[in-house]
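Inspection log for the structure reproduced underneath, given as structure tokens.
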Amino acid sequence: MLDKVGIAKRIAQELQDGWYVNLGIGIPTLVANYIPQGINVEFQSENGLLGMGPFPYDGEEDADLINAGKQTVTLLPGASLFDSATSFAMIRGQHVQLTVLGAMEVAENGDIANWKIPGRMVKGMGGAMDLVASAENIIVAMMHTNKKGESKILSKCTLPLTGVGCVKKVVTNLAVLEIINGTFHLIERAPGVSVEEIQNATEGTLVVEGEIPEMQLD
Amino acid sequence: MLDKVGIAKRIAQELQDGWYVNLGIGIPTLVANYIPQGINVEFQSENGLLGMGPFPYDGEEDADLINAGKQTVTLLPGASLFDSATSFAMIRGQHVQLTVLGAMEVAENGDIANWKIPGRMVKGMGGAMDLVASAENIIVAMMHTNKKGESKILSKCTLPLTGVGCVKKVVTNLAVLEIINGTFHLIERAPGVSVEEIQNATEGTLVVEGEIPEMQLD
Amino acid sequence: MNKVVANGDAAIEGIIDGMTLMLGGFGLCGIPENCISSLVKKGTTNLTCISNNAGVDDFGLGLLLQERQIKKMISSYVGENDEFERQMLSGELEVDLIPQGSLAERCRAGGAGIPAFFTPAGYGTEVAEGKEVREFNGKPHILESALTADFAIVKAWKGDRFGNLIFKGTARNFNPVMAMAGKITIAEVEELVEPGELNPNQIHTPGIFVQRIFQGVDYEKRIEQRTTLSKN
Amino acid sequence: MNKVVANGDAAIEGIIDGMTLMLGGFGLCGIPENCISSLVKKGTTNLTCISNNAGVDDFGLGLLLQERQIKKMISSYVGENDEFERQMLSGELEVDLIPQGSLAERCRAGGAGIPAFFTPAGYGTEVAEGKEVREFNGKPHILESALTADFAIVKAWKGDRFGNLIFKGTARNFNPVMAMAGKITIAEVEELVEPGELNPNQIHTPGIFVQRIFQGVDYEKRIEQRTTLSKN
């Protein structure tokens, strides 16, 4: 079973040289720490920044330089700054090659829910609806089950949707799943996790074809 | 009767302090030379410049600094440069207080034609259609009649339209006209021009009420 | 062309109960601190505020929420503010949540004379309820309308007397598009200079979009998430 | 992220007969001179060119017109080019004339993932023929669709290896919006520098919009209307 860092490491393997990548808040943010050697990517932060670098050193933080998670960040050489409309022009116009974001629920038809629990939590969708509706290439980073052990990989989302039919790949603490023609397909198992464990943790339709390899991390 | 400079001088009297103004090619361009004392206006050029100054001195012209008429110009202090989409955001968004442009024909319902003579001349509308469709305040600068002596102030335009029902004021070599409720109203006569001369040169419905004052230039 | 006013109090003259305001900023980054203080002092109520976020409990728009001056928020993300969540869940506060990109584009559209446009964002979600759906290139889109405001209040780094603005870092965010969309746009700046001092090629918001400008004081520029690396 | 190609000939690789190109510039100001030369040399034909103007008889896009390489022009203003007018009136050249603001906005929309938007420009004219009309705030608007291109070719003042661009003066014009709308965007620049040399706060076109970049040579930068004042 993977921890959050493990999920981030596995997603980092998906990065390709020259890609512009938008990382959501939470686990996705960690992906930036595990870029494979020889791969150059640039991170886009939807509040208006391309070429985001690591956190600043103590005492060098700048209130005027934050990422979409409101964390203080730095700029790498070749960075650029722009307004919110231009930022979402990049996103909506499909200039960003990969979007990684978290989710509360994902359904086998590619629907995703991650912004609202009616009557309880309303943080807002932020940029997530724009990202999922626009991106050609979305990877969801999430835990396979909630704290009660209930599956978050569903036949149908129960929470208000963020986007419909947009998710193609999910990386969880248990598995890598692809959504093909309305069903989840098991692609890889997390180290030490059996196919059966994954099946038990998956409420949605899960197709298991042939031998399922274990993830190779590091 | 006014010459082109006279028309420009009369239009310049319409300027108000603090206005942003877009001047079309031809007579309208001349208006910039006759800004009344004590009035500050800024000129917008739709190719991407606000705060346009006079022509440069010989030898100081810059190929990268032109106006919408492709003439070399200068920047005044406080000028700004921007792209074409932003420029027309200013125009379409009604941030420009006055638009002055030329016309081939104006009709009593406020229609204007100034971009095409079918089968003969096709220069294109450039920014004129955006300007006339958007501006709250449009003044047309034109000759009252064509070279054959035929009226260009019409009951109905004969040429392909640039915009419908948008013109509110026309300054010609003979008169100042306002369009109110679908008819031309004679507001002022050019120096030495009689009401009858104006009536004879006007094909569209012309309302003449009371004594018509002569323009006061200079 | 002199658009300079004395301070925040003078800048917000004419803002009255029930008006719609746009306020620039993303989180606490690039927010018009001086004008918010003046609004709190003035006590204007029943405001509809269009702003990407709603500040935190004791800073930014949170200050107006504390004083119950806001009737309705139009935002994309309102986490990190307990008072906001309380007022919202109790029904005291109306909230219209909008995808962030649609919010930015709707402000720009409002300023650019584009009354409506199609976007894929929100299709199939509750955001699309009551909105026209149309397919383009095989993909469903929804029709979103322009947003404008009685007053837009933005914060810039430098500005000149004509209202030309330059922003710094990610404090730019929503400020330029909101500056376009205000019937009256107020800019507060950290440094106010004479026309000609800013390079015309580097201006982010041309002065035509700005009606009032002043040099703000005492900027706190609070950091919401101070994330740093140790030098060792 | 290194997007540098050797020159105009290398930059236009992949442009083939029948493609749609966007070319930046207003009049002869800010046009991609090097790529136009390479296109003339390559002899690609049946091109659809989206460009605000069509150059003059012997410069800019006029050079491609002379060689009959252009099948269709999509522009807002095409005066000052006799060969263009001749080909157009004779029917050799298809021409789609578009209001300048709609042209700019349609390019931006193409790059921004906005498939269509409403604008008042052109309502009641032949530009509106076949287009949906809808009233907003009591005023009729027409629905205009996004424009994209197989290749967008832009000219900037400075650029870096990542494709970040800074334009100079009014040579900016259509270049930034077209850079957004190309499936592949080529930028030719007067000065190519290393990433980090351009101030991130002053970049007009972020590199994400640019796929190929090179430092052009021998810029003529012809002036169409040399208007000057005598110093005496």
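All chains are named by letter (A, B, ...) in the order of the sequence lines, taking the proteins before the strands, and each is independently numbered beginning at 1.
- Looking at D/Ile166, only its side chain comes within 4.5 Å of chain C, counting heavy atoms on both sides.
- Minimum interatomic distance between D/Pro120 and C/Gly113 (heavy atoms only, all atoms of both residues): CD-O, 3.8 Å.
- Within residues 98-111 of chain C, the residues having any heavy atom closer than 4.5 Å to a heavy atom of chain D are C/Glu105, C/Arg108, listed by residue number.
- For residues 179-193 of chain D, heavy-atom neighbours of chain C at less than 4.5 Å comprise no residues at all.
- For the atom pair D/Asn201 CG and C/Phe167 CZ, the distance stands at 10.0 Å (nearest 0.5 Å).
- Residues of residues 123-151 of chain C placed with any heavy atom under 4.5 Å of a heavy atom in chain D are listed by number as C/Glu132, C/Arg134, C/Phe136, C/His141, C/Leu143.
- Sorted by first and then second residue, the salt bridge (charged side-chain N to carboxylate O under 4.0 Å, His left out) pairs involving residues 162-182 of chain C (not counting sequence neighbours) are A/Asp62-C/Lys168, A/Asp64-C/Lys168.
- No more than 12 heavy atoms of other residues, nucleotides or ligands shown are found within 6.0 angstrom of CD on C/Glu13.
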